[in-house]
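For reference, the structure discussed in these notes is given below.
Keep in mind that the numbers below use all heavy atoms, side chains included, and drop hydrogens, waters and symmetry copies.
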Amino acid sequence: FVSIILSLWCVRQVGYDANNVKTILSIGSDMTEKNRLKRELKLSDERYQIAMESADIAIIFVDKGGNVPYLSDVGFNLMGLEKNNSINIEVLLNRIHPNDRDAFISNILDCSNNLKQFSACEVRVLSKDEDFRWFTFKFKLINNPTTGDPCMAGAFYDINDDKEKDLRIEKLAFEDDLTGIYNRQKFLSVVKETLINAKFNNLRYAVVTLNLDKFHRFNDLFGVETGDGILKAVADIIKYNPYGKDCCCARLGNDEFACLIRLDRKEEHLEQYINELSERIKEFSQNQYDEMKLTISAGACIYMENVEDYHDVFERSIFSMRIAKNDPNKIYQAYDSSIKEMILKREVLEKEIVEAVEKKQFELYYQPKVDIHTEKIVGAEALIRWNHPTRGIVGPMEFIPVAEEIGIIDKIGLWTLETACKQNKLWQEQGLTNIKVSVNITSIEFYQTDIVGVVKTTLEQTGLEPKWLEIELTESMALVDVEETILKMNALRELGVGISMDDFGTGYSSLSYIQNLPIDELKLDKSFINKIALDDTTKNIISAIINLAKIIGLVVVAEGVEEREQFNLLKEMNCNIIQGYLFAKPLKKDEIIKMM
Ligand code: C2E
Ligand code: MG
Ligand code: MG
């Protein structure tokens, strides 16, 4: 028999032959190949269905009129649609998150203009559980197999789990842990993008940076947790930004924040906005924290066409903020040409300081510390001066903060320490009265260098006995990290070096707080001493501080004593040591020998 299957017989009665025999015409056709193809097609379709269903990939066709001639079963299921519903683009859009609809439409439009290429987008779709989930849609322009008309054929699938992972990673990288608003890195990238677009769209923006004034007081008085709560509250206040949806805010670090603002309106509105912000922060702190006012210092730089790049705008805003910060009467400083000049001057100063370190243009002066009863010299504070090649002598207040910011304070500090120790050893070798030499240390040196190791090595190298060296630290510095401060102070004292708390009274700490720190000496700030003979309250406060300091075993030094009357009052109060112009200004190393 044959291996042919005649699967179709078409039978037709045609007529009768001459013998009146019925004739039947029959046509048989060989269907073997067709059937094989059919089976293969069915198999292939089944495989395709299995693949699509197991991978949960939906197939969709959208024509140019916005109709959806085909949506696979998986598609109905993923989008939470009833299978019998008639579907068009409107129905689809209703299931897509309102914020993602534009992206979806522009993706389809992109595809309709672009033969052969797939175009893709990620959007949130209301899934069958009525939750928004992330989906990827990919479309390609083809000819509809049934009608031959062009249509967008696509596939879509759920990418929610991966997308959420990505978003979580992005959140970690770009969000400030504490406040949940952007961090510095993200802020800068948004500013960059926005300002590039601003160039094309002719829009104006301002970068506003702001810093909380004396925020550490809140940490000191109410604890770090409360401090964190305040930072969160400030972030919430700043987050409310009435200036356009492409604007944003960020925490740059510590107590520094920034916002990007679109300036549709006049520039005065910027100042008004900052004033309102300041008022709201002040109001919040007064209500919550015993009437304590939290104020801000803000700077702003407006971005206009043809201005340098985004980084310049940001830096100028920060620079303007620093200016507002240094002026107690200002909460806000806008960047202008005078500030530009200051920046240029500052750049020159920075270069010159670096050069001064290389060329050793510094000199130490020594100001005598005098025993109030014997009126004899017992110590000397080493105070640095810069012998500037053209400007003459420049004081430390002008260059020490800059040296700190540009990161070369450790070099200057090391030079000061070595020079002071060497000098004191030399005086001793010359047979002069033994005195303590005091050296000022900045917080950067204290916290960011191995200060204990540096002091130890310097003493060994110069041969000065530790008891003839004293380190002066400022009060505000001791508040930065109390535990670390105590640890380092103890280590220094174990070497045999004395520790003095400088500028006491300028910060906000109380004596009971200082009591917990391992120090030997308390230096009352000049601003206190100035008023001692003028007002009774100050006099009483100083007297009380001296008494308390004595109880906890501290030596009390009065700084900036210029008049006999001040000296006499301090003597009555039992202050131990006097430093000030009344006895001597800071002197050159040879001049102080006379007093010794
Ligand atoms: P400070 O440690 O509080 O030093 C006392 C400052 O008061 C000195 O200013 C001194 O010249 C000034 N002074 C002393 N007696 C009187 C007085 O009777 N009347 C007036 N009006 N002023 C008086 P100077 O030398 O300008 O130093 C300022 C600050 O710079 C110092 O304050 C200290 O914090 C810092 N500094 C000075 N030298 C160094 C240094 O070598 N390293 C570091 N890190 N800081 C230094
Ligand atoms: Mg000092
Ligand atoms: Mg001082």
If you count every heavy atom of other residues, nucleotides or ligands that lies below 6.0 Å from K531 atom NZ, does the total exceed 12? no

Tested for side-chain contact (heavy atoms from CB on, under 4.5 Å) against V561, the lone hit among Q566, K526, Q579 is Q566

Evaluate the side chain to side chain contact (heavy atoms under 4.5 Å, CB included) criterion for residues C248 and F187: first the C-alpha distance (whole Å), next the side-chain angles of each, then the deciding distance (0.1 Å), finally the verdict. CA-CA 8 Å; C248 67; F187 181 72; 3.8 Å; yes

Are side-chain heavy atoms of F257 and T209 found at a separation under 4.5 Å? no

State whether a side-chain donor-acceptor pair under 3.5 Å links K425 with Q428. no

Checking the side chain of S543 only, and the main-chain atoms of K539 only, is there a donor and an acceptor separated by less than 3.5 Å? no

Please check if atom NZ in K571 has more than 12 non-hydrogen atoms from other residues, nucleotides or ligands closer than 6.0 Å. yes

Pairwise side-chain contact, I542 with M573, heavy-atom cut-off 4.5 Å (strictly under): yes

Just by distance, with hydrogens left out, do D213 and T295 show a side-chain donor and acceptor under 3.5 Å apart? yes

Under 4.5 Å between any side-chain heavy atoms of S500 and D520, yes or no? no

If you measure from CG on L263 to OH on Y205, what distance do you get to the nearest 0.5 Å? 9.5 Å

Nearest 0.5 Å, please: how far is NZ in K330 from CE in M321? 14.5 Å

Per the ring pair (Phe, Tyr, Trp, His ring centres under 6.0 Å) rule, what does the pair list look like for residues 409-433, sequence neighbours excluded? Y366-W427

Where I296 and L212 come nearest, the two heavy atoms and their spacing: CG2-CD2, 3.7 Å

Can you find a heavy atom in the side chain of L522 that is under 4.5 Å from one in the side chain of V555? no

Can a donor-acceptor pair be found, under 3.5 Å and without considering hydrogens, that links the side chain of N183 to the backbone of A173? yes

Less than 4.0 Å between a side-chain N and a carboxylate O, is that true for R346 and E315? no

Tell me yes or no: between the side chains of D410 and T449, is some donor less than 3.5 Å from an acceptor? no

To the nearest 0.5 Å, tell me how far T538 OG1 sits from L524 CG. 12.0 Å

Considering residues, nucleotides and ligands other than E193, do more than 12 of their heavy atoms fall under 6.0 Å from its CD? no

Work out which heavy atom in A382 is nearest to a heavy atom in L364; give both atom names and the distance. CB-CD1, 4.0 Å

Do N540 and T537 have side-chain atoms, one donor and one acceptor, less than 3.5 Å apart? no

E225 CD: over 12 foreign heavy atoms closer than 6.0 Å: no

Side chains of K422 and Q461: does their closest heavy-atom pair fall under 4.5 Å? no

Using side chain to side chain contact (heavy atoms under 4.5 Å, CB included), reason through V402 and I400 one step at a time and then give a plain yes or no. CA-CA 5 Å; V402 182; I400 294 280; over 6 Å; no

Smallest separation among heavy atoms of A298 and A324, with atom names: O-CB, 3.5 Å

Side chain to side chain contact (heavy atoms under 4.5 Å, CB included) partners of E460, counting only residues at least two apart: K456

Side-chain contact, heavy-atom cut-off 4.5 Å: Y182 with R251? no

Start with the C-alpha gap between L554 and I519, add the side-chain angles, then the distance that decides, and say whether side chain to side chain contact (heavy atoms under 4.5 Å, CB included) holds. CA-CA 7 Å; L554 300 179; I519 56 172; 3.8 Å; yes

Under 3.5 Å, is there a donor-acceptor pair between the side chain of T433 and the main chain of M596? yes

Counting N and O atoms only, with roles assigned by atom type, does the side chain of D176 sit under 3.5 Å from a partner on the main chain of L252, one being a donor and the other an acceptor? no

Please verify the inter-ring angle class for F362 with W386; under 30° counts as parallel, over 60° as perpendicular, anything in between as tilted. tilted

Heavy-atom nearest pair, P396 first then P401, reads O-CD, 3.7 Å

Do any pairs count as a ring pair (Phe, Tyr, Trp, His ring centres under 6.0 Å) and have a residue in residues 527-581, sequence neighbours left out, and if so which ones? F567-F583

Please check: side-chain N/O of D502 versus main-chain N/O of N440, any donor-acceptor pairing under 3.5 Å? no

Are the side chains of I577 and K523 in touch, meaning some heavy atoms are under 4.5 Å apart? no

Interatomic distance, CG@L492 vs CG@L473, rounded to 0.5 Å, equals 7.5 Å

Do you know which of E375, E381, E470 makes salt bridge (charged side-chain N to carboxylate O under 4.0 Å, His left out) with K369? E470

When you measure from the side chain of K588 to the backbone of Y365, do you find a donor-acceptor pair of N or O atoms at a distance under 3.5 Å? no

When you compare the side chain of P389 with that of Q361, does any pair of heavy atoms fall below 4.5 Å? yes

Would K550 and N574 count as a side chain to side chain contact (heavy atoms under 4.5 Å, CB included) if you check the C-alpha gap in whole Å, the side-chain angles of each, and the deciding distance to 0.1 Å? CA-CA 9 Å; K550 287 276 174 85; N574 249 333; 3.6 Å; yes

Between Y447 and T485, do the side chains contain a donor N or O and an acceptor N or O under 3.5 Å apart? yes

Worked check of salt bridge (Lys or Arg N to Asp or Glu O under 4.0 Å) between E341 and K345: CA-CA 6 Å; E341 228 159 75; K345 267 194 196 156; 5.5 Å; no

With no hydrogens and no angle check, just 3.5 Å: does a side-chain donor-acceptor pair link S278 and N275? no

Closest contact, heavy atoms only, I592 versus L587: CA-CD1, 4.0 Å

Heavy atoms from other residues, nucleotides or ligands near CD of E483 exceed 12 (cutoff 6.0 Å): no

Please check: side-chain N/O of S317 versus main-chain N/O of G299, any donor-acceptor pairing under 3.5 Å? yes

Salt-bridge present (E279, K282; N to O < 4.0 Å): yes

Under a 3.5 Å distance rule, please check whether E363 uses its side chain to pair with a backbone N or O of I384 as donor and acceptor. no

How long is the straight-line distance from CE of M342 back to CG of L349, given to the nearest 0.5 Å? 12.0 Å

With a cut-off of 6.0 Å (strictly less than), are more than 12 heavy atoms of other residues, nucleotides or ligands near CD of E484? yes

Is there a donor-acceptor pair closer than 3.5 Å between any side-chain N or O of N576 and the backbone N or O of V556? yes

How long is the gap from CD on E445 to CD1 on I471, to the nearest 0.5 Å? 9.0 Å

Taking all non-hydrogen atoms of both residues, which atom of G560 and which atom of N530 are closest, and how far apart? O-OD1, 4.5 Å

